[in-house]
Amino acid sequence: MALLVLMLLVFLAGASWMLAQSGSMEGRNQVNKVTASAMAQAKEALIGRAATDVNRPGSLPCPDTNNDGVAELFAGVNCPAYIGRLPWKTLDLPELLDGNGNRLWYALSSGLRDRDEAQPINPSTVLQITLDSSPPSIAAIIFSSGPPLPSQIGRPSNAIADYLDGSNNDGDNSYVSGPPSAAFNDKTLVITREDIFRTVNQRVLAEIRGPDDNAPGAPSYGLRRYHADNASFPWADSGSDGYGDVGVTVGNLPYYDLKLPVSLPLPPPPPSHPLPYSWLNPNGWLPLLTFQRFSASSARIAIGTSTMDVIPCPSSPCP
């Protein structure tokens, strides 16, 4: 009888331990799920911000260093710091908290700061951030700081060392993603050059194309305006003077032959050919654009591996 009682006690103890472990794992999974969701929202918002910037597509805001949710203003020509909290208000996001209830942190490559002195900003821009000794091809990193380590006794604060671990808090451009240990519990989500410019390239190509299919009225700029005025797309530019050369089907974009939006910049044109001038040329986009004329009514524009096929506006609503 005593043996049976002992066996029952051992069984109950084991079952209790297993239930506790299961509950603990379920709790950790929920924390990780909340963290991953918040970091994914932050990444999407930053890429969207880069793609829609009016003056410097591809640029990103300065980090928030005082925890008010707003990107810091420039100190001279630089961000006050290139690591801080995610500027969630500036990005029009709700307050994003990781699974431990902490706001997210954010590191930015200084080459993508939203400032004239950072230009040119395009897919060839030199980036500064590395992760785990990778080549510097990272635009930004989002961090979840995790629960405080025994040495992080200053929370709440704005001190990086109270939240981020190891070489993530030493002030240089080299960051690490692990390995997890008793002295490291940061989580990282990288935004690469490709993540940013895959989307930004499509923004630039769309502006060169002209109005989308649903735009009201006749096309007023871009390749679609050219086709509406000339009943064909232009020839390609065989050199780099910005003008199409008759009979050339593959080459550079004949940007002087196009009427582009006021927001697009071109090189200073000849006095006899005034065109609007803004962000396209100062940010070095023109040498990156190629043009292929398939026929009078079919063309392709490209930036590297990003392409867009162009046809004239459909009959309605873009005549």
Side-chain angles (χ1 to χ4, degrees), residues 24 27-46 49 59-115 127-133 138-191:
S24 176
R28 286 196 299 271
N29 288 341
Q30 181 61 25
V31 167
N32 291 337
K33 181 177 179 180
V34 171
T35 297
S37 176
M39 296 174 78
Q41 288 182 69
K43 179 174 180 174
E44 182 180 2
L46 286 165
R49 158 64 175 75
S59 66
L60 291 168
C62 293
D64 164 25
T65 60
N66 61 5
N67 201 21
D68 65 356
V70 178
E72 300 304 322
L73 299 178
F74 286 95
V77 300
N78 284 290
C79 294
Y82 287 99
I83 184 167
R85 287 188 174 86
L86 181 79
W88 55 277
K89 290 182 181 177
T90 299
L91 295 168
D92 292 324
L93 286 169
E95 182 182 18
L96 293 180
L97 303 178
D98 65 17
N100 295 290
N102 297 316
R103 289 177 176 172
L104 300 176
W105 290 74
Y106 157 65
L108 168 67
S109 272
S110 61
L112 296 181
R113 67 194 187 281
D114 191 3
R115 178 90 185 180
L127 303 181
Q128 292 73 36
I129 288 179
T130 67
L131 183 71
D132 300 329
S133 301
I138 295 173
I141 304 176
I142 301 161
F143 298 89
S144 165
S145 59
L149 301 176
S151 61
Q152 293 171 331
I153 60 175
R155 299 189 189 185
S157 76
N158 295 323
I160 301 171
D162 283 334
Y163 292 86
L164 301 185
D165 309 331
S167 61
N168 289 343
N169 66 31
D170 62 8
D172 63 20
N173 288 318
S174 300
Y175 298 95
V176 295
S177 62
S181 71
F184 187 95
N185 60 19
D186 294 346
K187 288 184 170 59
T188 59
L189 181 62
V190 165
I191 302 177

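Keep in mind it's a predicted model, so treat the numbers as computed, not measured.
To the nearest 0.5 Å, atoms CZ (Arg115) and OG (Ser59) are separated by 12.5 Å. Ile141 contributes atom CD1, which lies 4.5 Å from atom CG of Leu131 (distance to the nearest 0.5 angstrom). Between Thr35 atom OG1 and Leu104 atom CG the span is 8.0 Å, to the nearest 0.5 Å. For the atom pair SG (Cys79) and CG (Asp64), the distance works out to 11.5 Å, reported to the nearest 0.5 Å. Note that CG of Asn102 is 13.0 Å distant from CG of Leu96, once rounded to the nearest 0.5 Å.
Remark: the backbone N or O of Val176 is paired with a side-chain donor or acceptor of Asn168 at under 3.5 angstrom. Listed for the Glu72 side chain is no donor-acceptor partner under 3.5 Å among the backbone atoms of Pro80. Although no hydrogens or angles enter the test, the distance criterion places no donor-acceptor pair under 3.5 Å between the side chain of Asp186 and the main chain of Ser177.
Counting all heavy atoms, side chain and backbone alike, Pro147 lies closest to Asn100 at CD-ND2, 3.5 Å. Between Asp98 and Ser145, the shortest heavy-atom contact is OD2-N, 3.8 Å. Nearest heavy-atom pair across Leu93 and Ala45 is CD1-CB, 3.6 Å. Across every non-hydrogen atom of Ala139 and Leu112, the tightest pair is CB-CD1, 3.4 Å. In terms of heavy-atom proximity, Gly146 sits nearest to Asn185 at CA-OD1, 4.0 Å.
Counting only residues at least two apart or in different chains, ring pair (Phe, Tyr, Trp, His ring centres under 6.0 Å) contacts with residues 72-96 are absent. Applying the side chain to side chain donor-acceptor pair (under 3.5 Å) test to pairs two or more places apart or on separate chains, those with a residue in residues 150-159 are Arg85-Asn158, Gln152-Arg155, Gln152-Asp165, Ser157-Asp162. Sequence neighbours left out, the pairs with a member in residues 100-114 that pass salt bridge (charged side-chain N to carboxylate O under 4.0 Å, His left out) are Arg49-Asp114, Arg56-Asp114, Glu95-Arg103. Under the ring pair (Phe, Tyr, Trp, His ring centres under 6.0 Å) criterion, the residue pairs touching residues 143-189 are Trp105-Tyr163, Phe143-Tyr175, with sequence neighbours excluded. For residues 153-189, no residue pair satisfies the disulfide (SG to SG under 2.5 Å) rule, not counting sequence neighbours.
Partner Ile191 forms a side chain to side chain contact (heavy atoms under 4.5 Å, CB included) with one of Ile138, Leu46, Leu108 and no other, that one being Leu46. Tested against Tyr106, the residues Ile83, Leu60, Leu91 include a single side chain to side chain contact (heavy atoms under 4.5 Å, CB included) partner, Leu60.
Annotation: salt bridge (Lys or Arg N to Asp or Glu O under 4.0 Å) contacts of Glu44 (sequence neighbours excluded): none. With sequence neighbours left out, the side-chain hydrogen bond (donor to acceptor under 3.5 Å, both in side chains) criterion links Ser110 to Gln128. Residues satisfying the side chain to side chain contact (heavy atoms under 4.5 Å, CB included) criterion with Ser133, sequence neighbours excluded, are absent altogether. Scanning for side chain to side chain contact (heavy atoms under 4.5 Å, CB included) contacts around Thr90 gives Pro61, Val70, Ala71, Pro87, with sequence neighbours left out. For Thr130, the side chain to side chain contact (heavy atoms under 4.5 Å, CB included) criterion is met by Ser134, Pro136, Ser174, not counting sequence neighbours. Evaluation of the side-chain hydrogen bond (donor to acceptor under 3.5 Å, both in side chains) rule for Ser109 yields no partner, not counting sequence neighbours. Scored by the side chain to side chain contact (heavy atoms under 4.5 Å, CB included) test, Leu189 finds Met39, Lys43, Ile142 as partners (sequence neighbours excluded).
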